[in-house]
Amino acid sequence: VELTSFAARPVGGAVELTWTTATETNNAGFSVQRGSGASWTELGFVAGHGTTVEAQRYGFTDRTATGSLRYRLVQRDLDGSETVGPTVEAAPAAPTTFALLPASPNPFNPTTAISYQLSAVSQVKLEVFDALGRRVRTLVDETKPAGSYTATFDAADLATGIYLVRLAAGAHVQTQRVTLVR
């Protein structure tokens, strides 16, 4: 794969990654990775175009970015071999609004990611309630700086059904429904 560009730019509380290739030979795709210290975590995989002599454009958005981060692409061939690409850095801009974002996936089994944004330092309480209004989990209960965050709701020990996720941060409160299916 002939990589011609790789860039990262802040977009709201996220980081948008874009890259282009001039040509590709047996390209299965790209592992998008985020680095912290000496370790790298795969955020997702973007499928390639196999073999082509036409320029291709790709993109990926990291909606869980906080602070200054490093990103890299690991290109995978159809035979499983890998090539580590260049590294880029980006820092997402602090969100300008308070928001509880849609849980993903939803419906879920047994875990879902619950993302939220804070526009200012806030005492945050992220809780999950059952359909009868009983608290079944406290996912977050601490002071957090402005930024974008993600908490994981693991419902492996809970019954199938609808649950309410409630985010309270300062004077702001939002609630959303999530559905656990077995």
Side-chain angles (χ1 to χ4, degrees), residues 1-50 52 54-77 80-106 108 111-124 126 139-140 142-154 165 167 169-170 172 174 176:
V1 171
E2 185 182 350
L3 187 67
T4 55
S5 70
F6 179 41
R9 71 180 183 106
V11 178
V15 173
E16 183 179 273
L17 304 170
T18 56
W19 64 98
T20 57
T21 61
T23 62
E24 298 180 17
T25 303
N26 298 322
N27 182 23
F30 301 89
S31 168
V32 179
Q33 299 181 352
R34 180 173 62 202
S36 175
S39 66
W40 292 91
T41 303
E42 182 173 9
L43 299 175
F45 187 81
V46 177
H49 287 89
T52 181
E54 295 180 14
Q56 301 295 323
R57 293 177 183 258
Y58 296 93
F60 183 89
T61 302
D62 180 6
R63 298 188 189 289
T64 62
T66 56
S68 182
L69 300 166
R70 295 176 301 134
Y71 296 91
R72 73 179 182 186
L73 299 173
V74 176
Q75 184 272 320
R76 289 193 188 129
D77 283 345
S81 61
E82 296 182 338
T83 303
V84 177
T87 300
V88 294
E89 293 188 28
T96 58
T97 59
F98 165 87
L100 176 60
L101 304 171
S104 179
N106 189 20
F108 68 100
T111 62
T112 188
I114 300 167
S115 298
Y116 58 97
Q117 299 178 162
L118 305 173
S119 57
V121 174
S122 303
Q123 174 60 37
V124 176
L126 181 63
L139 303 175
V140 178
E142 63 186 89
T143 300
K144 296 240 184 217
S148 297
Y149 301 93
T150 299
T152 300
F153 173 34
D154 185 347
V165 176
L167 174 64
H172 302 283
Q174 283 187 344
Q176 72 173 256

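This one's a predicted model, so the numbers in the text were calculated from it and none came from an experiment. Note that the numbering runs from 1 along the sequence shown for the chain.
Contact record, A120 with A146: N-CB, 3.7 Å, taken as the closest heavy-atom pair. Nearest approach of L101 to Q176, heavy atoms of both residues: O-NE2, 2.8 Å. The minimum heavy-atom distance between V165 and L100, with the atom names listed, is O-CD2, 3.9 Å. The heavy-atom pair separating A8 from A90 by the smallest distance is CB-CB, 3.7 Å. Among all heavy-atom pairs drawn from A99 and L167, the shortest one is O-CD2, 4.1 Å.
In this structure, a donor-acceptor pair under 3.5 Å is present between the side chains of T150 and S115. Q33 and S31 share a side-chain donor-acceptor pair at under 3.5 Å. Donor-acceptor pairing under 3.5 Å is lacking for the side chains of T21 and E2.
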Starting from the C-alpha separation in whole Å, work towards a yes-or-no answer on side chain to side chain contact (heavy atoms under 4.5 Å, CB included) for Q174 and Y116.
CA-CA 10 Å; Q174 283 187 344; Y116 58 97; over 6 Å; no
Please step through side chain to side chain contact (heavy atoms under 4.5 Å, CB included) for the pair T97 and Q117, ending with a clear verdict.
CA-CA 7 Å; T97 59; Q117 299 178 162; 3.8 Å; yes
Could you walk me through whether L118 and V124 pass the side chain to side chain contact (heavy atoms under 4.5 Å, CB included) test, one step at a time?
CA-CA 9 Å; L118 305 173; V124 176; 3.5 Å; yes
Can you list the steps and then say if T61 with V11 is a side chain to side chain contact (heavy atoms under 4.5 Å, CB included)?
CA-CA 9 Å; T61 302; V11 178; over 6 Å; no
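Take R34 and apply the salt bridge (charged side-chain N to carboxylate O under 4.0 Å, His left out) test, not counting sequence neighbours, and it matches D62. For the ring pair (Phe, Tyr, Trp, His ring centres under 6.0 Å) test, no residue two or more places apart in sequence or in another chain qualifies with F6.
In this pair, W19 and Y58 present their aromatic rings parallel. The plane angle is below 30°, not in the 30 to 60° band.
Only one option out of L73, V15, L17, T18 pairs with F60 in a side-chain contact (heavy atoms from CB on, under 4.5 Å); it is L17.
In this structure, Y71 and L43 have side chains that are in contact, with non-hydrogen atoms separated by less than 4.5 Å. Looking at heavy atoms from C-beta onward, I114 lies in side-chain contact with L126 at the 4.5 angstrom threshold. Between P86 and L3 there is a side-chain heavy-atom pair separated by less than 4.5 Å.
Rounding to the nearest 0.5 Å places CZ of R63 at 9.0 Å from CD of E16. The CD atom of Q56 lies 4.0 Å from the NE2 atom of H49; values are rounded to the nearest 0.5 Å.
Of the possible polar contacts, none joining the S104 side chain to the A113 backbone as a donor-acceptor pair under 3.5 Å is found.
Few gaps surround CD on E142; more than 12 heavy atoms of other groups in view lie less than 6.0 Å from it.
A ring-centre distance under 6.0 Å is found for F108 and F153.
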